[in-house]
Q: 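Questions regarding the structure given below will be posed in turn.
Proteins get letters first, then strands, A, B, ... in listed order; numbering begins at 1 in each. The structure presented is a predicted model; accordingly, all values stated were derived computationally and were not measured.
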Amino acid sequence: MSILNGLNSEQRKAAEKIDGPLLILAGAGSGKTRTVTYRIAYMVLEKEISPYKILAVTFTNKAAKEMKIRVESLIGIEAKKVMISTFHSFGVRLLRVHATKLGYDANFNIYDADDQKKLVGRLMKELVITNKQLTPASVVSKISKYKEDGDEPSDITKEAYNTDTKVIAAVYEKYAEELIKNNAMDFADLLINTNKLLDDPEVLEKIQDRYEYVMVDEYQDTNNIQYQIITKIARKHKNICVVGDEDQSIYGFRGANIRNILDFEKEYKDAMVVKLEQNYRSTQNILGAANSIIKLNTTSRGKNLWTEKDKGNLIEIFSASDGRAEADYILQEVIKGKNNGRSYKDYTILYRTNAQSRVFEEAFLRHRINYKIFGGMQFYQRVEVKDILSYMRVINNPKDTVSLFRIINVPKRKIGAKTIEKIKDFADENEIMFFEAMGRVEETKLGSAIKVTVFRLYEMLNKIIEESQFLTASEIYDMILEKTNYMNYLTTYDDKFEARIENVKELRTSIQEMEDSEEYEGFINIGEFLERTALVAATDDLEEDTDYVKLMTIHNSKGLEFPVVFLVGMEDELFPSAKADFSDDDLEEERRLCYVAITRAEEKLHISHAFERMVYGRISYMREPSRFLKEIDEKYVDYVNKSKIVSKNINLENKKNKLEGLNIITKADFKVDSKSPFKIGEKVTHKKFGTGIIKDVEVGKRLVIRFRDGDKKLPLILAEKFLIKE
DNA sequence: TATATCGTTGTTTTT
DNA sequence: CAACGATATA
């Protein structure tokens, strides 16, 4: 009796193929994790492969954790010997051992986007960059792209064809140097440097022999560096199993290359390909809707997802007058469901951008409904939390000037930009690190009072550093808070200080929890702790049992499933994003994102859009329903507002309906002013304001036109000159 | 050097 | 709307 009896025939075929290359094309909800975990169990239990020889790579900690738990439930304690890890943690692990080979110390810090921006901003100041178009954020994003594509600064400098590119190349070069000086790596470096390490024949051989069997989850989301890492490790034994779904490739913007999965068979000519097409998650209607959309993509290799489940409910489409009404509708649905035996935890709201969470948060707060937002402003990114983490990072790695500069005047110590500059000059002259220069502040040209202040800080940090190797992370946290009197400082910070104090306390709790966990058995050192905080993902702490409504971006929902899903904000320019309007590739990625969203739902899917919504604090009018709404085959949907999506000439101010929270779409009754060439309700284009709709014609005088960013009043004479009728 | 105030600017999506 | 930076003022 084989353990594989628990699988369907296709899953089984995939699980049994242990040697040689294997591509598992796993449609949404097709039991991918089940297949992979059974495959591992089969290898260990029935093929007598040592669990130490198996490497399984995922993208998020949550996925890794789940895989571990499920393997453990199949094979017990042996599961701990299988290396199941995210790409980034796997890399970090290797890098800690071999850091010196690349010019780093083992205790390197990991820089997040925020740190990158800070550092790049500093370098841009030093290089005196005049182009206002180039912001630290935009330069960071360019640099990251280069890094993901494997371009070194010198490659860019060589090929730089315009001044902007030259400037960016210069920043990139300094940035790369500075990272090494700071003994820090950004996210891209974790992969790039891992890949570099594998160019060392000794390291490579060791890894290849250690991991004879390699598995990669979500292969459609691998970028070129990840592809290289995997290819190198698997080159020797060729036992590579990749699992993925090209229709769920949604990370192109961060370098994911969909070709990796599409070309797998070209790369490995003898690869076995298994398609998992039976879906165990969703109803027929949900699957039908998903299929009707994704088939419009040219990158889709076509699959036939099917289910034994019932047709289920139709997908409910709700047209709201504005964002508030949309939130109210969902609120009502949740309350209704709760009264009919559903739990809050059955509901999940999915949106395209983090900013959209706000309206829902407010609605839930008003009605005291438990909810939790995943992603967005991360806990570890909050000012007060990041402050403490920065102290810890300086203690872990005093070369880290990004962290050191962050806390050097927090709490306020009167150490300002001028002081920092002078210490920095001294450090540069003597070729010592900034932190060391603080210790020798006596030799600088600073005033005597500030010298004392700087030296005190140096001494304080140094004392903690000296003791830190014997201390656990929570003890270091305690020392920092005590010696800086940070809580006291927070009370004077702003009017949200109470919440901030809570967050700092919560940080203490999170350290404690990690310490107490099985993995660390009471002791976690500061480096391990910092690493954990740097590599957390938004949904890592998602708890299935806690009774709250979940809110997250569609990106964060990948790999998850929920009984009832509300897909909200289905409007053009929001979803698909306005930025994806110009290229087919981008549009297809947006469509895949839509496919991911729909296939998260198990039993019931609601889709909604609003005609007006607050964007950037102003009201955006006349919002078009998303093209994706129109792409769903009609037979799967039910328009709860009793009207199909006809987006032209909508009466926007149907107050009565607004009051009820429901907006029935009706045709506007247009007034006609026979004298004017312009009529109320007509769509017009203005070269500056874009398209608008005529709201009012003041006879013989002027027009009131509602544009996207508000009402404008145009005298008739000007209107005749500047308006184009559609 | 710290603080107050004003103006500008931006938002995809994330390990 | 907020976060951030530039500028003015103490």
Q: Just to verify, what does A:E384 make a salt bridge (charged side-chain N to carboxylate O under 4.0 Å, His left out) with, not counting sequence neighbours?
A: A:R500
Q: Given B:dT3, B:dT11, B:dT15, identify the nucleotide with an atom nearest to the side chain of A:K412.
A: B:dT3
Q: Classify A:N409 by what it touches in the nucleic acid, base, sugar-phosphate, or nothing, heavy-atom distance under 4.0 Å.
A: sugar-phosphate
Q: Which whole-number value in Å describes the distance from A:I420 CD1 to B:dA2 P?
A: 10 Å
Q: Just say parallel, tilted or perpendicular for the rings of A:Y146 and A:Y172, cut-offs at 30° and 60°.
A: parallel
Q: Rounding to a whole Å, what distance do you find between A:L551:CG and B:dT13:P?
A: 15 Å
Q: Taking any heavy-atom pair under 4.0 Å as a contact, classify A:T86: base, sugar-phosphate, or nothing.
A: nothing
Q: Within the structure, does a side-chain N or O atom of A:N556 lie under 4.0 Å from either OP1 or OP2 of B:dT14?
A: yes
Q: Within the structure, does a side-chain N or O atom of A:N354 lie under 4.0 Å from either OP1 or OP2 of B:dT14?
A: yes
Q: Take the angle between the ring planes of A:Y486 and A:Y489 and call it parallel below 30°, perpendicular above 60°, tilted in between.
A: tilted
Q: Whole-Å distance between B:dT14 C1' and A:I373 CD1?
A: 17 Å
Q: Within this structure, what is the NZ-to-P distance between A:K117 and C:dA3, rounded to whole angstrom?
A: 12 Å
Q: Quick one: A:K145 NZ to B:dT13 P, roughly how many Å, whole number?
A: 15 Å
Q: Could you tell me which residues satisfy salt bridge (charged side-chain N to carboxylate O under 4.0 Å, His left out) with A:K424, sequence neighbours excluded, listed by chain and number?
A: A:E126, A:D428
Q: Can a donor-acceptor pair under 3.5 Å be found between the side-chain atoms of A:H555 and the base atoms of B:dT14?
A: no
Q: Nearest whole angstrom, please: distance from the C1' of C:dA2 to the CD of A:E361.
A: 15 Å
Q: Can you tell me if the side-chain N/O atoms of A:N61 get under 4.0 Å from OP1 or OP2 in B:dT15?
A: no
Q: Less than 5.5 Å between centroids and less than 30° between ring planes, does A:Y616 satisfy that with C:dC1?
A: no
Q: Say we look at C:dC4 and B:dT13: how far apart would their P atoms be, to the nearest angstrom?
A: 16 Å
Q: If each of A:I450 and A:R254 is mapped to the nucleotide of DNA chain B with the nearest heavy atom, which maps nearer the 5' terminus, i.e. the 5' end?
A: A:I450
Q: Looking only at side-chain N and O atoms, does A:T553 come under 4.0 Å of OP1 or OP2 in B:dT14?
A: yes
Q: Looking for any heavy atom pair under 4.0 Å, which part of the strands does A:Y251 touch: base, sugar-phosphate only, or nothing?
A: sugar-phosphate
Q: Can you tell me if A:K558 touches the phosphate of B:dT13, counting only side-chain N or O atoms and a distance under 4.0 Å to OP1 or OP2?
A: no
Q: Any carboxylate oxygen within less than 4.0 angstrom of a Lys/Arg side-chain nitrogen, looking at A:K147 and A:D189?
A: yes
Q: According to the interplanar angle, ranging from 0 to 90°, do the rings of A:H609 and A:F611 count as parallel (below 30°), tilted (30 to 60°) or perpendicular (above 60°)?
A: perpendicular
Q: Rounding to an integer number of Å, can you tell me how far A:M124 CE sits from C:dG5 P?
A: 12 Å
Q: Just the rounded figure in Å: distance from C1' of B:dT14 to CZ of A:R352.
A: 11 Å
Q: Cut-off 3.5 Å, side chains only: do A:E246 and A:T299 have a donor facing an acceptor?
A: no
Q: If you measure from the C1' atom in C:dG5 to the same atom in B:dT12, how many Å do you get, rounded?
A: 24 Å
Q: Between the protein and nucleotides 8-10 of chain C, list every N/O to N/O distance that falls short of 3.5 Å.
A:
none

Q: On the nucleotide C:dA2, are OP1 or OP2 found under 4.0 Å from the side-chain N or O atoms that A:R358 carries?
A: yes
Q: Does a donor on one side chain sit under 3.5 Å from an acceptor on the other, for A:D247 and A:N297?
A: no
